[in-house]
**Student:** 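Before we start, here is the structure in question, set down as structure tokens.
Every chain is numbered from 1, with letters handed out A, B, ... down the list of sequences.
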There are 2 protein chains.
Amino acid sequence: MEIACFIEAADRHCQQQGVKLTALRRQVLELVLSYPGVVKAYQVLADLQKQRGIAAPPTVYRALDFLVAAGLLHKVDALNGYIVCHHVGCSHEGLILVCGDCGQVEELDATPVLDVLRQQAGGAGFAISQQNLMLTGRCKECRT
Amino acid sequence: MEIACFIEAADRHCQQQGVKLTALRRQVLELVLSYPGVVKAYQVLADLQKQRGIAAPPTVYRALDFLVAAGLLHKVDALNGYIVCHHVGCSHEGLILVCGDCGQVEELDATPVLDVLRQQAGGAGFAISQQNLMLTGRCKECRT
DNA sequence: TTCTCAAATGTTACGGTATAACAAAGTGAT
DNA sequence: ATCACTTTGTTATACCGTAACATTTGAGAA
């Protein structure tokens, strides 16, 4: 059970940061983890409703926001979705590749390329903040 | 009047591509141009309604989609907004810097960095599609 | 010209995404 | 126990985007 392992790591991660991974937040995290790729807020909401009877949008959005802020999830703006961060505790700027066909996600280290970007942007007087790079394309399987 | 000049260039660009910059599309483009930075679809819709009395969402979304497809606008997913492309006719993958404070946008050439990204992603079997890079940070003025 | 077809636009209605605002319940410190 | 604070519940609503079908427009063929 890989999920349990991730949750444990997430727990430690939150403790280190001095924030609380409450029961609700843990539950939402588990739901996101149960999907192989990108998940939408309202899917999570539906799952949550199955598990606890009722739940409203703010409940799930707040939990998702927390998890993103804690670095446990990433938001995929282009798809209005969320994915699990596979580099919790690591360097922590991700290069996130989303397959437009199957929705699968791959996450690489973005530090080298962000260094280059920071330099290029700096030339224009622009200071890039900490963030992930999100790119779409086609994965190995879908490319065949 | 810089707008007129841009519209002219856009016109030529569309003719070259064999697509039509109709009156409506031109009007929408002008409205987007009238803003300094990111514009939202419903802002454009409101402006359009002021100018021609009535207009419904599909009208403006279709025009915006066309303009994005034609390479005259970029969509800023993170903000649900649109910006003018300042590199019409150029290489044409943009590195778009959005200032989180003032909303101003700067657009650089993304080809060099995307080359690097394509190589890195290729190592993971991932084929990145044509697209823009969108980064947030703080611009020169807001940094002082 | 007139017809025809395809592209563009108009119109209605709806579904998906997200947040404001306030109430209630939990948590921890003194 | 009570106070301050964080988290969660609840209601309502605002914002974003598109499906589906009707109508108009324009370019080319008969």
Side-chain angles (χ1 to χ4, degrees), chain A residues 10-11 14-15 17-32 35 38-70 72-83 98 100 103 134 136, chain B residues 10-11 14-15 17-32 35 38-70 72-83 98 103 134:
Chain A
D11 233 330
C14 286
Q15 280 195 356
Q17 308 231 340
V19 297
K20 275 179 290 189
L21 188 63
T22 64
L24 173 64
R25 291 165 177 170
R26 188 197 320 293
Q27 189 177 8
V28 168
L29 179 56
E30 280 168 1
L31 289 172
V32 176
Y35 288 87
V38 180
V39 202
K40 308 204 143 202
Y42 272 67
Q43 289 181 309
V44 176
L45 178 58
D47 294 347
L48 203 60
Q49 286 168 339
K50 276 182 203 142
Q51 293 191 356
R52 48 166 64 195
I54 58 160
T59 300
V60 72
Y61 276 104
R62 284 192 288 234
L64 289 171
D65 288 349
F66 168 86
L67 295 168
V68 168
L72 297 168
L73 299 183
H74 297 305
K75 186 166 197 323
V76 186
D77 290 315
L79 305 174
N80 297 321
Y82 298 83
I83 59 172
V98 183
M134 198 81 53
T136 59
Chain B
D11 234 329
C14 286
Q15 280 196 354
Q17 309 230 340
V19 297
K20 277 179 289 189
L21 188 63
T22 63
L24 172 65
R25 291 164 177 171
R26 188 200 269 62
Q27 189 178 7
V28 168
L29 180 56
E30 280 167 1
L31 289 172
V32 176
Y35 288 87
V38 180
V39 202
K40 308 203 145 205
Y42 273 66
Q43 288 181 309
V44 176
L45 178 58
D47 295 348
L48 203 61
Q49 286 169 339
K50 276 182 203 142
Q51 292 192 356
R52 47 167 63 195
I54 58 160
T59 300
V60 72
Y61 276 105
R62 282 193 288 235
L64 289 170
D65 287 348
F66 168 86
L67 294 168
V68 169
L72 297 167
L73 299 181
H74 297 304
K75 184 164 198 326
V76 185
D77 290 315
L79 305 174
N80 297 323
Y82 298 83
I83 58 171
V98 183
M134 197 80 52

**Student:** Looking only at side-chain N and O atoms, does A:Lys40 come under 4.0 Å of OP1 or OP2 in C:dG15?
**Tutor:**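 No, no such contact exists.
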
**Student:** Identify which nucleotide among C:dT12, C:dT9, C:dT19 has an atom closest to any side-chain atom of A:Pro57, counting heavy atoms from C-beta outward.
**Tutor:**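 When the side chain of A:Pro57 is considered, C:dT19 is the closest of C:dT12, C:dT9, C:dT19.
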
**Student:** Would you name the heavy atoms of B:Asp77 and A:Ala78 that are closest together and state the gap between them?
**Tutor:**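 Result for this residue pair: OD2-CB, 3.5 Å.
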
**Student:** Does a side-chain heavy-atom distance below 4.5 Å link B:Val32 with B:Leu64?
**Tutor:**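 A side-chain contact under 4.5 Å exists here.
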
**Student:** Going by number, which of residues 41-55 of chain B have a non-hydrogen atom under 4.0 Å from DNA chain C?
**Tutor:**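 Those residues are B:Arg52, B:Ile54.
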
**Student:** Working to the nearest 0.5 angstrom, can you tell me the gap between B:Tyr35 OH and B:Ile83 CD1?
**Tutor:**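 The distance works out to 15.5 Å.
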
**Student:** Measure from OH on B:Tyr61 to C1' on C:dG15 and round the result to the nearest Å.
**Tutor:**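 Distance check: B:Tyr61 OH to C:dG15 C1' gives 13 Å.
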
**Student:** Measuring from A:His74:NE2 to A:Met134:CE, what's the distance to the nearest 0.5 Å?
**Tutor:**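 Output value for this atom pair is 7.0 Å.
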
**Student:** Please tell me if B:Thr59 has a side-chain N or O lying less than 4.0 Å from either OP1 or OP2 of C:dT9.
**Tutor:**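 Checking C:dT9 against B:Thr59, no side-chain N or O comes under 4.0 Å of OP1 or OP2.
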
**Student:** Rounded to the nearest 0.5 Å, what separates atom CG in B:Leu21 from atom CG in B:Leu67?
**Tutor:**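 Taking CG in B:Leu21 and CG in B:Leu67, the distance rounds to 7.0 Å.
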
**Student:** In B/S/- notation, 5' to 3', how is nucleotides 23-30 of chain C contacted by protein heavy atoms closer than 4.0 Å?
**Tutor:** --------

**Student:** OP1 or OP2 of C:dA18 less than 4.0 angstrom from a side-chain nitrogen or oxygen of A:Asn80, does that happen here?
**Tutor:**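 Answer is yes, contact under 4.0 Å.
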
**Student:** Give me the atom names and distance for the closest heavy-atom approach of B:Lys75 to B:Asn80.
**Tutor:**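 Smallest interatomic distance, heavy atoms only, reads NZ-CA, 4.2 Å.
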
**Student:** Going from CG on A:Leu48 to CD on A:Glu30, what distance comes out if it is rounded to the nearest 0.5 angstrom?
**Tutor:**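 Result: 11.0 Å between the selected atoms.
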
**Student:** Return the 5'-most residue of the pair A:Tyr82, B:Pro58 with respect to DNA chain C, ranking by each residue's nearest nucleotide.
**Tutor:**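 Closest to the 5' end, via its nearest nucleotide, is B:Pro58.
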
**Student:** Distance check needed: C:dT17 P versus A:Asp65 CG, whole Å only.
**Tutor:**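 From A:Asp65 CG to C:dT17 P: 15 Å.
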
**Student:** Using chain A heavy atoms and a threshold of under 4.0 Å, write down where along DNA chain D the contacts begin and end, 5' to 3'.
**Tutor:**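 Contact boundaries, 5' end first: D:dT7 to D:dT11.
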
**Student:** Evaluate the side-chain proximity of A:Val44 to A:Tyr82: yes if any heavy-atom separation is below 4.5 Å, no if none is.
**Tutor:**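 Result no, sub-4.5 Å side-chain heavy-atom pair not found.
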
**Student:** Calculate the interatomic distance between A:Leu64 atom CG and C:dT19 atom P; express it in whole Å.
**Tutor:**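 It works out to 11 Å between those atoms.
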
**Student:** Quick one: on DNA chain D, does B:Arg62 or B:Leu79 contact a more 5' nucleotide (nearest heavy atom)?
**Tutor:**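 Result of the comparison: B:Leu79.
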
**Student:** What is the distance from atom CG of B:Leu24 to atom CZ of B:Arg62, rounded to the nearest 0.5 Å?
**Tutor:**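 Between B:Leu24 CG and B:Arg62 CZ, I get 9.0 Å after rounding to 0.5 Å.
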
**Student:** Quick check for you: to the nearest 0.5 Å, what is the distance between B:Asp47 atom CG and B:Gln43 atom CD?
**Tutor:**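 Reported to 0.5 Å precision, the distance equals 7.5 Å.
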
**Student:** Is the shortest heavy-atom distance from the side chain of A:Val19 to the side chain of A:Phe66 under 4.5 Å?
**Tutor:**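 A:Val19 reaches A:Phe66 side chain to side chain.
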
